[in-house]
Amino acid sequence: MHAIEIRETGGPEVQLYVEKPDPDAPGEGQILVELAAAGVNFIDLYRREGRYPLPVPCVPGEEGSGTVLAVGPGVTRFRPGDRVAWTTVLGSYATRVLVPEEKAIVVPDDIDLPTAGGVLVHGMTAHFLAHDSYPAREGETVLVHAAAGGVGQLLTQMLTRRGVRVIGTVSTEEKEKLARAHGADEVIRYTETDDLAGEVRRLTGGEGVHAVYDGVGAATFDASLDSLRTRGTLVLYGGASGAVPPVDVMRLLWGGSLTLTRPYLEHFRATTEEFERRAGEVFAGIADGTLRFTVARTYPLAEAHRAHTDLASRSTTGKLLLVP
């Protein structure tokens, strides 16, 4: 089989395309899958850089889809030939992947494997942000950073169909059009203002928003806090621009009794039942057209370094996939 291997943390170039022995037969509770597509996510970049712990050498990647080749002892939910998708399985940048049974889900017949291989992380992240981290209600106004990105597009759709007013931030005119096409009511191009929070307050009659969903991190954190109304909530779910430095919690008091939370997908799919429910709702939305999901670019597995470079540049507007 072929895989991407990282022998030391660093830039995109540390990802080596190598030939490796086929995995052993699946062990207790495992399934062996032939890869159809692997999703490229910011967490892959964080691990490659060393920002999140990563054992080296290793095969990176945590999300994908494919066809089951074999099942190990004790597996009851899958059989050879099943179409499956998974998340949080380190080693997914490979043509064959050993997946723990509890990390996988059957892909419905009306969802193609490339879509399934890319939508779970973005879709379930958007789902827990909109339904759990801050379940915005009809009539409320929220700020969604990177509204034209993979999570941003899905999150905006989930919120607006509930009657929530969404203000999105983007960097270009092209991305503004995309954010509006996915439901954003107002769009701020952060590259064209020196006072992002001031623009948010202008659009909210000086009050600020009920919540901010921020996956950008260091570059937007201060403006996110300053954009909140009294008792508002900042949901910091990523750090595309870098990690946020330590925070003086008194800022939450002086900002108006604010709430700050830092959620992680794994904690919102903690059981098989929760995983199947959350993923099932995402798949159902894709299938019936109430959620639009875009695969922006597809790269050969050997070009994982290029996919990482493109994602880090924030020049893309949808999901990036690696295919064998």
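Nothing here was measured: the structure is a model prediction, and the numbers come from that model.
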Can you confirm whether more than 12 heavy atoms, excluding those of E138, are under 6.0 Å from its CD atom?
no
Should T95 and M1 count as side-chain neighbours, where that means a heavy-atom distance under 4.5 Å?
yes
Joint hydrophobic cluster, Y46 plus V14, side-chain heavy atoms closer than 4.5 Å
no
Closest heavy-atom contact between H308 and P12?
CB-CB, 4.3 Å
How long is the straight-line distance from CZ of F275 back to CG of L265, given to the nearest 0.5 Å?
8.5 Å
Are any of the side-chain nitrogens in E176 or R180 under 4.0 Å away from the carboxylate oxygens of its partner?
yes
More than 12 foreign heavy atoms under 6.0 Å from CG of D24: is that the case here?
no
Is V170 reachable from V216 through a run of hydrophobic residues whose side-chain heavy atoms are each under 4.5 Å from the next?
no
With heavy-atom distances below 4.5 Å as the criterion, would you say the side chains of V99 and V84 are in contact?
no
Side-chain donor or acceptor of T230 paired with backbone N/O of G256 under 3.5 Å
no
Can you name the nearest heavy-atom pair linking G215 to Y237, along with the distance?
N-CE2, 3.3 Å
Should the pair E199-R202 be classified as a salt bridge under the 4.0 Å nitrogen-to-oxygen rule?
yes
Charged N-O contact under 4.0 Å between R96 and E34
yes
Would you confirm whether T272, through its side chain, and E102, through its main-chain N or O, come within 3.5 Å as a donor-acceptor pair?
no
What residue among L203, T141, T160 forms side chain to side chain contact (heavy atoms under 4.5 Å, CB included) with D185?
T160
Report the distance from atom CZ of F221 to atom CG of D214, rounding to the nearest 0.5 Å.
8.5 Å
Could you tell me whether the side chains of R229 and T204 share a donor-acceptor contact shorter than 3.5 Å?
no
Are V119 and I111 packed together at the side-chain level, in the sense that at least one heavy-atom pair is separated by less than 4.5 angstrom?
no
Taking atom CG as the centre, does D109 end up with more than 12 heavy-atom neighbours from other residues, nucleotides or ligands that are less than 6.0 angstrom away?
no
Would a hydrophobic clustering, with Ile, Leu, Val, Met, Phe, Trp and Tyr connected at side-chain separations under 4.5 Å, put V212 with V166?
no
CZ/F283 to CD1/I105 distance, rounded to the nearest 0.5 angstrom?
5.5 Å
Without swapping roles, check the side chain of R7 against the backbone of L16 for a donor-acceptor pair under 3.5 Å.
no
R262 atom CZ: more than 12 heavy-atom contacts under 6.0 Å
yes
Same hydrophobic cluster for L321 and M124, using side-chain heavy-atom links shorter than 4.5 Å among ILVMFWY?
yes
Report yes if the side chains of I31 and P26 come closer than 4.5 Å at any heavy-atom pair, otherwise no.
no
Could you point out which residue of L225, T261, T259, L252 forms a side chain to side chain contact (heavy atoms under 4.5 Å, CB included) with L234?
L225
Are V235 and P263 packed together at the side-chain level, in the sense that at least one heavy-atom pair is separated by less than 4.5 angstrom?
yes
CG of D22 to CG of L98: how many Å apart, nearest 0.5 Å?
10.0 Å
Whether Q153 side chain and H182 backbone form a donor-acceptor pair below 3.5 Å
no
Strictly distance-based, threshold 3.5 Å: is any side-chain N or O of T193 a donor or acceptor partner for the main-chain N or O of D195?
yes
Answer whether the closest heavy-atom distance between the side chains of K319 and E63 falls below 4.5 Å.
yes
Under the criterion salt bridge (charged side-chain N to carboxylate O under 4.0 Å, His left out), which of E266, E276, E62 is the partner of K103?
E266
When you look at R161 and L291, which way does the side-chain contact (heavy atoms from CB on, under 4.5 Å) test go after all the steps?
CA-CA 10 Å; R161 74 184 186 189; L291 283 179; 3.8 Å; yes
Do any N or O atoms from the side chain of R48 and from the backbone of G10 form a donor-acceptor pair under 3.5 angstrom?
yes
Test log, rule side-chain contact (heavy atoms from CB on, under 4.5 Å), inputs E303 and L322
CA-CA 8 Å; E303 297 183 14; L322 300 176; 5.9 Å; no
State, to 0.1 Å, how close A312 and L45 come at their nearest heavy-atom pair, and which atoms those are.
CB-CD2, 3.7 Å
Can you tell me how far CG of D226 sits from CG of L196, rounded to the nearest 0.5 angstrom?
9.5 Å
Any chance you could lay out the side-chain contact (heavy atoms from CB on, under 4.5 Å) test for H131 and R162, step after step, and finish with the verdict?
CA-CA 11 Å; H131 291 83; R162 193 188 297 163; 3.5 Å; yes
Under 3.5 Å, side chain of E274 to main-chain N/O of A270, donor-acceptor pair present?
yes
Where is the tightest heavy-atom contact between V59 and Y93, given as atom of each residue plus distance?
CG1-O, 3.5 Å
Taking all atoms of both residues into account, what is the closest heavy-atom pair of W86 and A104, and its distance?
CB-CA, 4.1 Å
Within the supplied structure, the quantity of interest is the number of heavy atoms (other residues, nucleotides, ligands) at a distance under 6.0 Å from D194 CG; does it exceed 12?
no
May I ask you to decide whether R251 forms a salt bridge with D222, counting only side-chain N to carboxylate O separations under 4.0 Å?
yes
When rounded to the nearest 0.5 angstrom, what distance separates OH in Y190 from NZ in K175?
6.0 Å
Side chain to side chain, R47 and P60, heavy atoms closer than 4.5 Å:
no
Check the surroundings of atom CZ in R231: do more than 12 heavy atoms from other residues, nucleotides or ligands lie under 6.0 Å from it?
no
When you measure from the side chain of D288 to the backbone N and O of T290, does any donor-acceptor pair fall under 3.5 Å?
yes
Assess whether side chain to side chain donor-acceptor pair (under 3.5 Å) is satisfied between T169 and H145, documenting all intermediate values.
CA-CA 5 Å; T169 69; H145 284 301; 3.0 Å; yes
If we ignore hydrogens and angles and just use 3.5 Å, is the side chain of D82 paired with the main-chain N or O of R79 as donor and acceptor?
yes
Answer yes or no: is there a side-chain heavy-atom contact under 4.5 Å between F268 and H127?
no
Give a yes or no on whether L69 and V75 share a hydrophobic cluster (residues Ile, Leu, Val, Met, Phe, Trp, Tyr; joining criterion: side-chain heavy atoms under 4.5 Å apart).
no
Can a donor-acceptor pair be found, under 3.5 Å and without considering hydrogens, that links the side chain of S92 to the backbone of A38?
no
Nearest non-hydrogen partners of V144 and G152, listed with the distance
CG1-CA, 4.2 Å
Evaluate the side-chain contact (heavy atoms from CB on, under 4.5 Å) criterion for residues I4 and Y17: first the C-alpha distance (whole Å), next the side-chain angles of each, then the deciding distance (0.1 Å), finally the verdict.
CA-CA 5 Å; I4 296 298; Y17 184 65; 4.0 Å; yes
